[in-house]
Amino acid sequence: MTNSHSTAGSAPAVLFDIDGTLVDSNYLHVHAWHRSFADEGLTVESWRVHRCIGMDGSTLLDNLVPDADDDTRKRLKDGHSRYYLDDRGLLRLLPGARALLERIKELGLQVVLATSAPEDELDVLREVLDSEDVYSAMTSGEDVDTAKPQPDIVHIALERAGVDAEHAVFVGDAVWDIEACRRAGLTSIGVLSGGVSRGELTEAGARAVFENAEDLRVHIDESPVAALLSRADTNSQAKA
């Protein structure tokens, strides 16, 4: 069950995508889509699928199989979900993921999961993360009609954290994460663990790019997260 409403205070927040950012799941998504396309007799190269991972599912299908009718699209989505969940035992945390979340919380910042994953997939991701005591707010695919690169999920995550874009940063692995943040006026950090290049993430608007969660944790003082710390201190002094 998703935390639909934040119980957090107004400390600055670090918003996290999950797939490809905290959990090594992107290539499982590619494989699941590939199998689902094959079931419908559709040939879509895996590299093209990977280029669309992180997009809203409907937008992904618009890009990859624009001529598919509504019934076919529904079967494709259902097939992707079924195959992905069948392989959930292969999901693993990315290096440093849990330690990064814990470090963010230790610094006095909020940890917010800003994902548009469907509820059944999100339940699995939360089990892998095993960090229920760390984050203060969360989103899911049920919160929006259209996910990234539209900024809706980012706006909802900020609202649940009780902060504006000036008091938050976003960590994601896909160009679509970075584009959603740009549209929302939110500083973003890219990670390479989803399989997207440093150049593409930077060109999309990422303020900084790190190899993975562990690399960000080690260099957190050199990242845009550091700029939030002074705001957290100011907030604490104001409350005192």
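Computed over heavy atoms, backbone and side chain alike; hydrogens, waters and symmetry mates excluded.
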Trainee: Run the side chain to side chain donor-acceptor pair (under 3.5 Å) test against Arg75 and tell me which residues pass, sequence neighbours left out.
Mentor: Glu40, Thr72
Trainee: Flag the pair Ile18 / Leu122 as yes when at least one side-chain heavy-atom distance between them is below 4.5 Å, and no otherwise.
Mentor: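 Answer yes - side chains close enough.
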Trainee: Any side-chain heavy-atom pair from Val209 and Ile189 closer than 4.5 angstrom?
Mentor: no
Trainee: Pick one: which of Val49, Thr21, Ile53 meets side-chain contact (heavy atoms from CB on, under 4.5 Å) with Asn26?
Mentor: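 Answer to the side-chain contact (heavy atoms from CB on, under 4.5 Å) test with Asn26 among Val49, Thr21, Ile53: Ile53.
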Trainee: Just to verify, what does Tyr83 make a ring-ring contact (aromatic ring centres under 6.0 Å, His included) with, not counting sequence neighbours?
Mentor: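 For Tyr83, no residue satisfies ring-ring contact (aromatic ring centres under 6.0 Å, His included) once neighbours in sequence are set aside.
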Trainee: So do Ser58 and Lys77 actually touch side chain to side chain, heavy atoms under 4.5 Å?
Mentor: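 Heavy-atom side-chain distance check passes, below 4.5 Å.
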Trainee: Are the ring centres of His31 and Tyr84 closer than 6.0 Å?
Mentor: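 No, they do not, as the ring centres are separated by 6.0 Å or more.
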Trainee: Taking the side chain as every heavy atom from C-beta outward, state whether Thr187 and Phe170 have any atom pair closer than 4.5 Å.
Mentor: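 No, too far: nothing below the 4.5 Å cut-off.
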Trainee: Just wondering, do Asp62 and Arg73 contact through their side chains at under 4.5 Å, heavy atoms?
Mentor: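 They are in contact (side-chain heavy atoms under 4.5 Å apart), so the answer is yes.
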Trainee: How about Asp173 and Ser193: does a side-chain donor come under 3.5 Å of a side-chain acceptor?
Mentor: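 No, no side-chain donor-acceptor contact under 3.5 Å.
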Trainee: Can you spot which of Ile153, Val169, Val171, Leu158 makes a side-chain contact (heavy atoms from CB on, under 4.5 Å) with Leu15?
Mentor: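 With Leu15 as partner, Ile153, Val169, Val171, Leu158 yield a single side-chain contact (heavy atoms from CB on, under 4.5 Å), made by Leu158.
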Trainee: Can you tell if the side chain of Leu192 reaches within under 4.5 Å of the side chain of Phe210, non-hydrogen atoms only?
Mentor: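 Answer no - side chains too far apart.
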Trainee: Ignoring hydrogens and geometry beyond distance, is a side-chain donor-acceptor pair present between Asp164 and His167 at under 3.5 Å?
Mentor: yes
Trainee: Please determine whether the number of non-hydrogen atoms from other residues, nucleotides or ligands lying under 6.0 Å from atom CG of Asp69 exceeds 12.
Mentor: yes
Trainee: Under 4.0 Å between a Lys/Arg side-chain N and an Asp/Glu carboxylate O for Glu179 and Arg182?
Mentor: yes
Trainee: Taking the side chain as C-beta and beyond, is there a heavy-atom pair between His80 and Glu121 under 4.5 Å?
Mentor: yes
Trainee: So that I can tick it off, tell me whether Glu200 and Arg51 are bridged by a salt bridge, with the cut-off set at under 4.0 angstrom between side-chain N and carboxylate O.
Mentor: yes
